[in-house]
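Written out below as structure tokens is the structure these notes cover.
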Amino acid sequence: MHRRSALGGAITALATAAAGVLVAAAVSTAPAVAAPAGTGTGYLHTVGNRIVDSTGATVRITGINWFGMETDNKTFHGLWSTNPWRGQIDKMASLGYNTLRVPYSNDALKPGATASGINDFVNPDLVGLSPLQILDKVIGYAGGKGMRVILDRHRPTSAGQSPLWYTPTVSEATWINDWKMLAQRYAGNTTVIGADLHNEPHAEGTNPAATGACWGCGDPARDWRLAAERAGNAILSVQPNWLIFVEGVSCPSGGLSNVWDNDPSNDEDCGWWGGNLTKAKDFPVRLDVPNRLVYSPHEYATSVFEQNWFKSPDFPDNLPGIWDKYWGYLHKQNIAPIMMGEFGSTLADPRDRVWLEKLMAYTGTGLDGMSFTYWSWNPNSGDTGGIALDDWTSINTTKQAILQPYLIPPVGGGGGPTPTPTATPTSTPSPTGGCTAAYRQVNAWQGGFQGELTVTNTGTATVNPWQVTWSWPAGVSLASGWNATVTQSGTTVTAAAPTWAGALAPGASVTVGFTANGSSAAPGTVRLNGVAC
């Protein structure tokens, strides 16, 4: 994984998989307009402290981190489990997470990079694909569920995090060129909304011999604010529609305080790696394309490090003031939006539950609240654990219950409070004229198979909502399905239309994908809304 450490209770570091913090605010300068979908329409941009869609409607990112592409596996963790990759995304969306933050390392982008740790019986469609090709599939499927994706350059190499955005083996030019490649690869794909430029820049070396990332110090080799401008503007030169997510540092000087000199006057006020944005008001990130900047701090609890404020006698009442100081002021003063990129905890310490409840309340409720991506989906995050439990299927209900009131589900994702409820149809129209069905077996393995059933409305009327049913021989059971809500009762399988694609017009087709347990068998007695195909 990846996590942090600290020095003198002032500096905190991360070194495992990543971390997360929500960013919140109780103050909004303009009323939020309900977005037409959970994550809006088209590309996103900013207005003051709000993120808005292409129509100007306010969007709140309430997402989750799914890491692994930054590790030696070079692809998402949990692909080794018995829960198929689509099933995991289905669960995230159903819980109300509308965005995926995807950490990666530059190693995963190299030509010839190989993904590992994939259960080829459960995920046969990923076998032989490169890390980028797997990312393509995840983005495509998540987008079909109404989710968005933020790409996070988490590490230069899979070996570990770095205080600066470059290392002796991964240059700044490589960092920027890889970002431009990704921006071009996903140009026109509105599922991918932006770039989190570098994960958790932080201090290194003891002042005055600082060697880590500073903010506003003016040294091009260490000033993270200047580097963020160079990378952000390079990305916007090829993809002007992306949001640019900029994390903080740990110590604005870029160095650790000398706590042994007995001189408190030069002991700097530091914070979590990536979590200190105290200098952003005086030294803002300047981008060539306006309304693209989002600040993205990280925030953690005692399971990551015992910061001094957790031991203060006025805990937890001291927490909002700490968040105001490090990053919340940017939202409250309408300077820029906040998107807490990482925050999380095992909740093993009772104080951590109080911390999480306070933090979520600080972010605010509804569309006016600050955006965030929780750390993490993965249960194998060493010092935080995950929303998923060790089977990658069951859910940590304690954590989810705290987060649930703040989640804005993707349209079609279900879960949580739905911003705009839709009426339930009282009838299920049948296609006038019938339908056709075509089946393709995609793959097969010992004990299971994968297939795609394409049904075309050959009638003259739109079917809304559509529903496809078919039969299987005894002994064949559904494992997972996509592009519809797929269920099985006895030998009958039902694929119900998702809310984001409920209508099937005359001449239009829908392809329902699935994996199944048992001997390979083509769907029999296929019907569209009760009419045999």
Side-chain angles (χ1 to χ4, degrees), residues 1-2 16-20 63-93 97 99-145 147-161 170 174 178-179 181-182 185-186 189 191-192 195-196 199 342 373 375-382 386-388 390-393 442-443 445 450 480 482 513 515:
M1 318 224 54
H2 345 37
T16 42
I64 196 162
N65 287 266
W66 188 11
F67 69 78
M69 196 176 173
E70 80 286 17
T71 70
D72 287 338
N73 295 97
K74 299 182 178 62
T75 192
F76 300 90
H77 283 181
L79 300 183
W80 54 67
S81 75
T82 57
N83 190 4
W85 67 272
R86 289 185 179 90
Q88 298 197 47
I89 296 174
D90 288 343
K91 177 60 73 172
M92 296 177 208
Y97 298 101
T99 300
L100 273 180
R101 180 174 179 261
V102 179
Y104 72 86
S105 80
N106 295 83
D107 281 352
L109 309 183
K110 292 179 178 178
T114 302
S116 63
I118 299 173
N119 185 332
D120 56 2
F121 289 117
V122 174
N123 297 303
D125 53 331
L126 303 184
V127 174
L129 298 186
S130 71
L132 276 174
Q133 289 172 326
I134 295 174
L135 179 62
D136 291 344
K137 291 180 76 71
V138 167
I139 289 171
Y141 187 68
K145 301 192 76 65
M147 299 176 77
R148 303 289 193 144
V149 172
I150 297 168
L151 301 177
D152 157 45
R153 193 290 193 115
H154 206 76
R155 301 169 162 184
T157 72
S158 59
Q161 294 178 218
V170 181
T174 297
D178 280 351
W179 265 128
M181 177 275 292
L182 290 170
R185 185 182 187 91
Y186 299 113
N189 185 342
T191 297
V192 186
D196 190 335
N199 190 68
E342 294 182 18
T373 50
W375 186 269
S376 61
W377 171 249
N378 305 50
N380 60 326
S381 178
I387 294 298
D390 288 343
D391 62 0
W392 294 85
T393 302
V442 177
N443 211 334
W445 54 92
Q450 177 184 352
S480 67
W482 51 94
T515 58

Q | Beyond-backbone contact of P103 with M69, side-chain heavy atoms, under 4.5 angstrom | A | no
(Q) With a 4.5 Å cut-off on side-chain heavy atoms, are T82 and F121 touching? (A) no
Q | D90/K145 under salt bridge (charged side-chain N to carboxylate O under 4.0 Å, His left out): CA gap, chis, key distance, verdict | A | CA-CA 8 Å; D90 288 343; K145 301 192 76 65; 3.1 Å; yes
Q. Do any N or O atoms from the side chain of N378 and from the backbone of F67 form a donor-acceptor pair under 3.5 angstrom?
A. yes
Q.
Less than 4.5 Å apart, side chain to side chain, heavy atoms only: is that true for D196 and L151?
A. no
Q | L126 side chain near K137 side chain, heavy-atom distance below 4.5 Å | A | yes
Q.
Hydrogens and angles aside, do W85 and D125 bring a side-chain donor and acceptor to less than 3.5 Å of each other?
A. yes
Q: With the side chain counted from C-beta on, respond yes when T99 and I150 share a heavy-atom pair under 4.5 Å apart, and no when they do not.
A: yes
**Q.** Gap separating the OG1 atom of T114 from the NZ atom of K74, nearest 0.5 angstrom
**A.** 7.5 Å
Q: Check the side chains of N106 and R153 for a donor-acceptor pair under 3.5 angstrom, ignoring hydrogens and angles.
A: yes
Q: Determine yes or no for a side-chain-to-main-chain donor-acceptor pair under 3.5 angstrom, with E70 supplying the side chain and G68 the backbone.
A: yes
Q: Please work out whether the ring planes of H154 and W375 are parallel, tilted or perpendicular, with thresholds of 30° and 60°.
A: parallel
Q. When rounded to the nearest 0.5 angstrom, what is the spacing between CH2 in W392 and CG in L79?
A. 8.0 Å
Q: Taking the six-membered ring for Trp and the full ring for Phe, Tyr or His, determine whether the centres of Y104 and W179 are under 6.0 Å apart.
A: yes
Q) Roughly how far apart are M181 CE and T174 OG1, rounded to 0.5 Å? A) 11.0 Å
Q.
Keeping N65 on the side-chain end and T373 on the backbone end, is there a donor-acceptor pair under 3.5 Å?
A. yes
Q) Could you give the distance from CZ (R185) to CG (L109), rounded to the nearest 0.5 Å? A) 9.0 Å
Q. What residues form a side chain to side chain contact (heavy atoms under 4.5 Å, CB included) with N83, not counting sequence neighbours?
A. S81, Q88, T393
Q: Using atom types as modelled and distance alone, determine if a side-chain donor or acceptor of N123 lies under 3.5 Å from a backbone N or O of P84.
A: no
Q. So, N73 side chain and T75 main chain: donor-acceptor pair closer than 3.5 Å or not?
A. no
Q: With rounding to the nearest 0.5 Å, note down the distance linking CD1 in I134 to CG in L129.
A: 5.5 Å
Q. Between M92 and W66, is a side chain to side chain contact (heavy atoms under 4.5 Å, CB included) present by the stated rule, with each step listed?
A. CA-CA 10 Å; M92 296 177 208; W66 188 11; 3.5 Å; yes
Q) Do V122 and T515 touch side chain to side chain, with heavy atoms closer than 4.5 Å? A) no
